[in-house]
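Below, each value reflects all heavy atoms present in this structure, side chains not excepted, and no hydrogens, waters or symmetry copies.
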Amino acid sequence: MSSTERSRTRTIAYLALYIALYIALKYVGNLIPFLQMPNGGSIELELIAVFLASYQLGWKNGVIVAILAWLLTFILGFPMWFVSPMQTLLDYVLPLVVCGMASLLWPFRSLNKPAAICMAVIIAVAAYFGITKSWNGAASLLVGVIVAIAAGAFTYWYVQTRKRFGIVISMLLKYVFQMLSGVFFWFPEGSAAGSAEAWTYSIGYNLWYNLVTMVVCIFVVPMIIDRLGKSGIRFVKKA
């Protein structure tokens with residue numbers, strides 16, 4: 001067997017491994033109630049597999065893993081909601097594609113202090129509104145403040161200490177797609193698609209679980225890459 005054939009065989013084996021890991025993590029996530037949002041959406045542990053595939057096998061193979069894994073979860077009967085082709089693209093296909101492209105999406109390597117503070121403030125404000133719009137009860141205000149402070153502090157630390165932002169960029173794009181889906185397809189009862197109420201609701205509702213997913217992934221994925229890198233597994237880029 002030539003080196004090219006061995007490399008192709010190894011890539012196929014890793015593709016199968018990451019697809020299986022995606023399905024396993026999605027299954028585990030579905031068993032944990034507090035990871036699920038009340039009206040769709042969840043904290044997506046399965047994206048760890050997509051990001052790992054992108055950083056080890058390259059962004060093209062990362063996209064392949066994302067799409068094939070999603071199709072398999074559909075075939076296996078995992079819960080999904082379909083309204084129209086555009087809603088399917090915004091809720092499922094495009095978010096997974098941009099996550100598979102994580103190793104490609106790092107338009108800047110570092111941020112200066114003023115830019116880092118601005119990003120931290122934006123994330124903190126978004127986190128506050130994400131909590132207060134998604135949760136009910138007076139406690140949501142206190143939780144929103146706590147989460148906003150934690151999210152802002154974490155964001156400032158991360159952008160000042162990490163050198164690449166592929167996962168962050170991917171998750172931001174994913175959030176935008178799913179937020180647009182909420183605005184035009186999952187707007188609150190009594191409002192209209194594209195209305196101010198739909199924008200307000202979708203911006204807050206879709207932020208919370210995407211923000212937590214991003215935090216989980218930017219901690220876990222680089223840690224796994226570092227560990228696997230020490231064992232001799234090569235990655236195209238570090239997260």
Between [X] and [Y], what is the shortest heavy-atom contact and its length?
X	Y	answer
Leu25	Leu45	CD1-O, 3.4 Å
Trp81	Gln87	O-NE2, 2.9 Å
Gly58	Ser103	C-OG, 3.9 Å
Leu90	Pro95	O-CG, 3.1 Å
Lys174	Cys99	CD-SG, 3.9 Å
Val98	Leu105	O-CD1, 3.8 Å

Out of curiosity, [X] [atom1] to [Y] [atom2], how far, rounded to the nearest 0.5 Å?
X	Y	atom1	atom2	value
Leu52	Leu17	CG	CG	9.5 Å
Ile19	Leu72	CD1	CG	6.5 Å
Asn210	Glu44	CG	CD	6.5 Å
Glu46	Lys26	CD	NZ	4.0 Å
Tyr209	Tyr205	OH	OH	7.0 Å
Trp59	Ile64	CH2	CD1	9.5 Å

Run the numbers on Met80 and Thr73 for side-chain contact (heavy atoms from CB on, under 4.5 Å), then give the verdict. CA-CA 9 Å; Met80 297 181 190; Thr73 55; 3.1 Å; yes

Considering only heavy atoms from C-beta outward, does the side chain of [X] approach that of [Y] to under 4.5 Å?
X	Y	result
Gln178	Trp186	no
Ile23	Phe78	yes
Leu47	Leu96	yes
Ile203	Tyr175	yes
Ser170	Phe51	yes

Are [X] and [Y] linked, directly or through other ILVMFWY residues, by side chains that come within less than 4.5 angstrom of each other?
X	Y	answer
Ile169	Ile225	yes
Leu21	Ile12	no
Phe82	Val97	yes
Trp199	Met86	yes
Val63	Leu94	yes

Non-neighbouring partners of Phe219 that pass side-chain contact (heavy atoms from CB on, under 4.5 Å), sequence neighbours left out: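 By the side-chain contact (heavy atoms from CB on, under 4.5 Å) rule, Phe219 matches Phe154, Trp157, Val215.
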
How would you list, by chain and number, every residue that makes a side-chain contact (heavy atoms from CB on, under 4.5 Å) with Ser202, sequence neighbours excluded? Met179, Val183, Asn206

If only atom types and distance count, is the side chain of [X] paired as donor or acceptor with the main-chain N or O of [Y] below 3.5 Å?
X	Y	answer
Ser191	Pro188	yes
Ser181	Asp91	no
Ser195	Ala192	yes
Ser54	Gly100	yes

Report yes if the distance between the aromatic ring centroids of Tyr92 and Phe74 is under 6.0 Å, otherwise no. no

Which pairs, with at least one residue in residues 11-22 and sequence neighbours excluded, count as a side-chain hydrogen bond (donor to acceptor under 3.5 Å, both in side chains)? Tyr18-Gln56

What residue among Val83, Leu180, Thr88 forms side-chain contact (heavy atoms from CB on, under 4.5 Å) with Phe185? Val83

